[in-house]
Amino acid sequence: IAEKDQCIVIVEVKTRTLDLKSALLAINNNKKTFLFRAANAYLKSLQRNYAVRVDVICVVGDNPNNFIIEHIEDAVRPRVRGPRSFRRIK
């Protein structure tokens, strides 16, 4: 967790030996839900209003002397649900 310019930044770090895509695919819906619940709990503890951003840092490679670090800002966004459809009661 970091703070920058009145924004709380939750950072998820993923390491993979093969490629960047597999690291990003590891952030499934369960992980996203966990990250946003953690962010909400942290914000409640601060008792302040901040913007929230979730970044992902991917470390890819199998050699400590030769690996790639990719920082993707605002990589994970909450799922927005539309209005629920109503069923007509007979």
Side-chain angles (χ1 to χ4, degrees):
I1 298 176
E3 180 184 337
K4 181 179 181 185
D5 302 327
Q6 295 294 314
C7 181
I8 297 296
V9 182
I10 308 296
V11 181
E12 177 72 8
V13 178
K14 292 292 182 188
T15 58
R16 293 292 182 270
T17 56
L18 298 177
D19 62 358
L20 178 66
K21 185 178 179 181
S22 66
L24 292 173
L25 289 174
I27 304 171
N28 59 25
N29 285 334
N30 289 337
K31 176 57 84 170
K32 290 176 187 178
T33 299
F34 173 80
L35 290 169
F36 284 107
R37 285 183 179 167
N40 284 330
Y42 184 71
L43 288 175
K44 283 182 182 180
S45 75
L46 293 179
Q47 297 180 349
R48 290 179 163 176
N49 279 334
Y50 283 100
V52 176
R53 184 177 88 207
V54 177
D55 292 2
V56 175
I57 294 178
C58 298
V59 181
V60 180
D62 60 358
N63 181 342
N65 298 317
N66 186 19
F67 56 89
I68 299 169
I69 299 175
E70 184 80 25
H71 179 191
I72 304 166
E73 291 187 6
D74 208 13
V76 179
R77 296 191 175 208
R79 189 172 24 169
V80 178
R81 295 182 182 173
R84 294 183 180 187
S85 58
F86 294 97
R87 287 191 293 165
R88 183 172 274 158
I89 299 175
K90 295 180 181 182

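The analysis underlying the following values was restricted to heavy atoms, covering all of them including side chains, and did not include hydrogens, waters or symmetry mates.
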Do V13 and F34 sit in one hydrophobic cluster, given that two such residues count as connected whenever their side-chain heavy atoms are within less than 4.5 Å of each other, even indirectly?
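As far as the 4.5 Å side-chain criterion goes, F34 and V13 are not connected within one cluster.
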Worked verdict on I57 versus D55 for side chain to side chain contact (heavy atoms under 4.5 Å, CB included):
CA-CA 7 Å; I57 294 178; D55 292 2; 5.6 Å; no
The reported gap from CD1 in I1 to CG in L46 (rounded to nearest 0.5 angstrom) is 8.5 Å
Short side-chain to backbone donor-acceptor contact, N28 and N30, under 3.5 Å
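Answer holds: yes.
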Which value, rounded to the nearest 0.5 Å, describes the distance between I8 atom CD1 and R53 atom CZ?
11.0 Å
Roughly how far, to the nearest 0.5 Å, is CD1 of I10 from OH of Y42?
8.0 Å
What is the minimum heavy-atom distance between Y50 and E3, and which atoms define it?
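Heavy-atom minimum between the residues: OH-OE2, 3.5 Å.
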Write down the atom of V60, the atom of L18, and the distance for their closest heavy-atom approach.
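Nearest heavy atoms, V60 then L18: CG1-O, 3.6 Å.
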Transitively linked via ILVMFWY side-chain contacts under 4.5 Å: L35 with V52?
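Linked within one cluster.
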When rounded to the nearest 0.5 Å, the distance separating CG of L20 from CG of L25 is 9.5 Å
Verify same cluster id: V59, V11 (apolar side-chain graph, 4.5 Å)
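Both belong to a single hydrophobic cluster.
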Just do the side chain to side chain contact (heavy atoms under 4.5 Å, CB included) check on I27 and V76 with the steps written out, would you?
CA-CA 9 Å; I27 304 171; V76 179; 4.1 Å; yes
Straight-line distance of K31 NZ to K14 NZ, nearest 0.5 Å:
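Between K31 NZ and K14 NZ, I get 4.5 Å after rounding to 0.5 Å.
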Please report the interatomic distance CD(E12) to CD1(I72), rounded to the nearest 0.5 Å.
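If we round to the nearest 0.5 Å, E12:CD and I72:CD1 are 12.0 Å apart.
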